[in-house]
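Before any comments, here is the structure.
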Amino acid sequence: MGYLGRIWHGVATTAVGMKLTWRHFFTKPTTIQYPEEGAYFSPYERGLHEFEPDKCISCQLCAKACPVDCIEIVGPKLAVTKYEIDYAKCLFCGLCVDPCPVDCIHMGQQYDLTSFERVEGTKIDFVKGEGPWRTARTSAAPGAGLQREV
Amino acid sequence: MKDYIDGLWSKHAFLQDNLPVGLGYTTGILLACTAVLLLVSLFAGEIVWMERRIAGRIQARIGPNRVGPQGLLQFLADGLKLMAKEDIIPSGADRMVFLIAPYIVFAGAFAAFAAMPFGYGLVPADMNFGLFFMLSISSIEVVGVIMAGWASNSKWSILGTMREVAQMISYEMPLAISSLTVVVLAGTLNLTDIVQQQSGWIWSWWVFRSPATFVGFFIFFTAALAALKRAPFDLPEAESELVAGFHTEYTGFRFAIFFLAEYAGMFFFALLTSVLFFGGWHIGVPIDLSTGFGRALGFLVLFGKSAAFLSIMIWIRWSLPRYRVDKVMYLCYKVLLPWSVVAVVVAALQVLITGGR
Amino acid sequence: MTDATNPSAARGLPADPAPPADPVTALAARKLAERFPGAVVEQALSGRHPYLRIAGDRIVQVCTFLRDDPDLAMDCLHLVSGVDWPAKTPAEGPGSIDVVYHLVSYATRPDPAYRKAALKNDGFVVLKVRVPRDDPEVPSVMGVWVGADWHERETYDLLGVRFTGRPPLRRILLPEDWPGFPLRKDWDYPVEYHGIPIIPPEGR
Amino acid sequence: MSDAAPAARPAVVPPVTPGGMAAPGGMVAPATAPILEAADLERLVGQSLRTEELVINMGPQHPSTHGVLRVVIKTDGEVVTALQPHVGNLHRCAEKIGESLPYYQWLPYVDRMDYLAAINNEHGACIAIERLGGIEVPERAEYVRVILAEVQRIISHLMAVGVYGLDVGAITPFLHTFRERERGLDLLDHIAGGRLLYHVIRLGGVKRDLTPDWIDECHAFLEQIERRLPEYNALMLDNHIFQERTCRIGVIDRATAIAWGVTGPALRAAGVDWDCRRDAPYSIYDRFPFDVPVGVPGALPGVPGDCWRRHWVRVREIEQSVRIVRHALRELPPGSVQGKVPKTFKPPKGEVYLRVENPRGELAYYVVSEGADRPWRMRVRGPSFSNIAVITQVGVGTLIADLVALMGSLDIVLGEVDR
């Protein structure tokens, strides 16, 4: 391209680009006001675990299935005294949910692991309910649908 | 503004005889300067908000809308946050130069407003060589940036400064020459006179009055973008290459001063473009705007035009990638400079042939 | 370590008929046998992972030949990896490390017929060099493919295989003063590194 | 994001005497590669008035190194005269862990290697292990895997396309591509449960089947991609300034690319017509017709192998992936998505080497099994490992801005380089 050609090409492509951004200026933004408008939830979200102590038969299958051995179960069948997951090591991979014969361990919807106070340790004991980020969230209704095209 | 205060001063006998003669003049200047300083820094803050909102909408997001109604007080929040931030001075830094640099950049950006007409008669200091003064004062920024770059003892700052020097100095030329086209046709450097000559219908504005000034406008605007280190020419503080260019090591309020100076500079060039090329406070209909109410209307019209130019600058910034250093130089010396010289020659010929006016 | 068993035999089904030889590896073996007799110490031409075991000192000549030969044209060194085979019992001597070169050619297309039969998907030539475990030394192939540089540095870094005849070997992934070579089977975790305690995973 | 004082000082250079940039205190960073040989040092100290080369740490904390890559540059002004990349900051010994974990438990680690194309990693790992252990994968699972892999390729390329705009200075395309990418992430999140690290492809099939609701959403996502692609090109590929910054810059020609083992879009941009999905097909890719964009010299601006061409190849590949997903969605057979995998899966003794087309290049798994339930050696070839090595040769002699453009166009992920 000659000298004038480059100038013309520069101005023309700039104009094309700016026409596009002009059109974008008038389209509705796709972002949402996060805390007020809820974020999207997948029905199979792999967030913080949810555990029903009374159903657990302490068969250690989930502890064996965990790649990082971060589950610790103490206590006899149907009377588990301690079911502790160390969230410093947990990968949130969901391998502990599959082998459970009585389906007492699920991964919930709580993915936001921030907390306002400096809590010692990252272990949650689900039987006693101690530890950080303890929430009563249960799995979202399967109907939590997908975000529609904006 | 200052002679208005001067006149006010002379009416009151009590003030007249008790206080030294020159005081009226100096308080006039001081009042004018503080008014300009407050107005411009407030408006520079609003430009920050304007930029982030426009950029947001261009990028399909919302932009700041939490602090104050629709986010209008965002710049106050930013200012407070920056003030609260720790003020780090690098260990190897040349301390004194490091501390002074932001204030020199700030001074360069704000001193240029001294001769800028905000409306008919609303001129802090109505100089006869107004345009010449402004263009030369605003190049003090380069000195400030060099001091900042050298003093912070970081390799990124050094590279940022070298780019800054190369770019600012070379783009002063097309900037000055393209504004010369208007001066040649207008015959005066005094900005108020330049604007007064555009008081007729819309085609009496300089930009439409001759092909030279039409081309001159585009060159002036591009060169202004480069002189402000904005949009495709933001090489001195290119995030992706030089981390943050010359103000990499600056934190806290010192960084806020750089930030404010940049947006004040943006406001300055937007005002200058509308004053030089687009009829300042005239609205394209020949009515007399020198009366009290007309003056206020003129003030608003001038702000409207500069807001338009500011949004164009912002619009350009968010839709173009960044040039490389040698391409910026090529654009200056091979494209803008020759064409601006041609524009001045054409303007001169036009004056020769048609006797100007 | 020939790949004798095949999957269906492992599950008690009638063993597959002997899988066909991989054309590319067979061609390479034949050519190498002519040009460098004795270079190919051992070869396994069929199965899922056919390979040629090359004598250590001839590796550079073999690689140069494989790269320059028009119908093989192995112009890309895909991967250099080390596999640690420690001796089962101390009596067997120091054990060995296999340095495995995967060469691939972008000029030739893999043979679809062979691919269907042996589940091997493309025209690789795999060269293995066995080196003793206590003094693992292999001539570097950086002269043949310049891309081998980082692969060799990683193999040295993790397995301690020294490559001679190349710019000085330095560790690439681990810090310079990391004790020992982690991917060796008998590597024990240091107690701490520069004050940072290292907690070994509970072995299973 | 400031370059902290110790890192700013050159790695090994002892304090430079007067005349050079003062480095008081003589604190020397931990021993790393000797950048300045003794001769250089003598030359520097000897003279008083001289131009001195800057030794810059484009360190692990730099906006355009796409992760914790540290490149030590010796520059004369802005021209790079010597270049030494340092990797290893993100090394998590995935291969050592691979040797001590059963096969199915290692899959979450595979996601973390190339965390921007997690499903492609899983796809490769699962095929290699299934081939080693002879696991049969049902037909529908193969289709679901290809669909998920190609949607992941679109998402990964969107990331590459958007972030390259950042390296070159255009910030808006980055936000636009992420609008589409968010839509895709929600799509995969709906089936896998995670947004970035999915762990959805398991040994023998896929964790969860595609619901009709998901398929409609996928079609809508594909239409949105096709509608928005010309917009990215308007802002980037066809833009004059973008072409000034990328045409004829960082040229990796065919021979250099093959010699350094560069693969993927960078290799295709250099003019090599090779795509594992078509030329060495794995899984069921041979059933899907698609064409491979190759950077042959032609009407396109710039030369084959330059940064512009690599970006162009990625944009074209997004279109081809859309085509593959539509084809696969049309032919989705009924049936189960989980094959039979024995409880304690012990593959027979043997080895397998499988090459897979990851969005960044050819990802390969070399699995050696001794018949135990965990592999003897699990070796992974990350394409970015070789792709980034090439800047040692191609990066010398460029300006810093071009080096940034070059590294951005190679689209590397440090998780894959350091494993």
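Values below: every heavy atom of this structure, side chains too, minus hydrogens, waters and symmetry copies. Naming convention: chains lettered A, B, ... in sequence-line order (proteins, then strands); numbering from 1 in each chain.
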Sidechain-backbone polar pair: D:Glu99 side chain, D:Arg374 backbone, donor-acceptor under 3.5 Å: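 Here the side-chain-to-backbone pair does not exist.
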
task: Without swapping roles, check the side chain of C:Trp145 against the backbone of D:Gly261 for a donor-acceptor pair under 3.5 Å.
output: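 It does not hold such a pair.
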
Give, as side chain, backbone, both or neither, the part of [X] having an atom under 4.5 angstrom from any heavy atom of chain C.
| X | result |
| --- | --- |
| D:Ala389 | both |
| D:Arg381 | both |
| D:Val87 | both |
| D:Leu267 | side chain |

- prompt: Who among D:Cys93, D:Ala259, D:Ala255, D:Ala257 has the most heavy-atom pairs with chain C under 4.5 Å?
  reply: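 Result: the option with the highest number of such pairs is D:Ala259.
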
- prompt: C:Glu154, C:Arg171, C:Arg67: which one forms the most heavy-atom pairs within less than 4.5 Å of chain D?
  reply: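 Highest number of heavy-atom pairs under 4.5 Å: C:Glu154.
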
- prompt: Of all of C:Asp149, C:Val100, C:Leu77, which one pairs up most often with chain D through heavy atoms under 4.5 Å apart?
  reply: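 If we count pairs closer than 4.5 Å to chain D, C:Val100 comes out on top.
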
task: Measure C:Arg153 against the heavy atoms of chain D and call it side chain, backbone, both or neither at under 4.5 Å.
output: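 Just its side chain gets close to chain D.
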
message: Which atoms of C:His151 are under 4.5 Å from chain D, going by heavy atoms: the side chain, the backbone, both sets, or neither?
response: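 Interface part for C:His151: both.
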
- request: Report the relative orientation of the aromatic rings in D:Tyr353 and C:His102; use parallel for angles under 30°, tilted for 30 to 60°, perpendicular for over 60°.
  value: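 Plane angle under 30°, so parallel.
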
- prompt: Does the side chain of C:Tyr193 come under 3.5 Å of the side chain of C:Asp177 through a donor N or O and an acceptor N or O?
  reply: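 Note: C:Tyr193 and C:Asp177 side chains meet the donor-acceptor criterion.
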
field: Test: C:Lys185 cationic atom under 6.0 Å from C:Trp85 six-membered ring centre, within 45° of axis
entry: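 No, C:Lys185 and C:Trp85 do not form such a contact.
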
task: Using a strict cut-off of less than 4.0 Å between a Lys/Arg side-chain nitrogen and an Asp/Glu carboxylate oxygen, indicate whether D:Arg377 and D:Glu370 qualify as a salt bridge.
output: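 No, this pair does not count.
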
task: Show your reasoning for whether salt bridge (Lys or Arg N to Asp or Glu O under 4.0 Å) applies to D:Asp273 and D:Arg278.
output: CA-CA 10 Å; D:Asp273 182 4; D:Arg278 184 200 58 186; 2.7 Å; yes

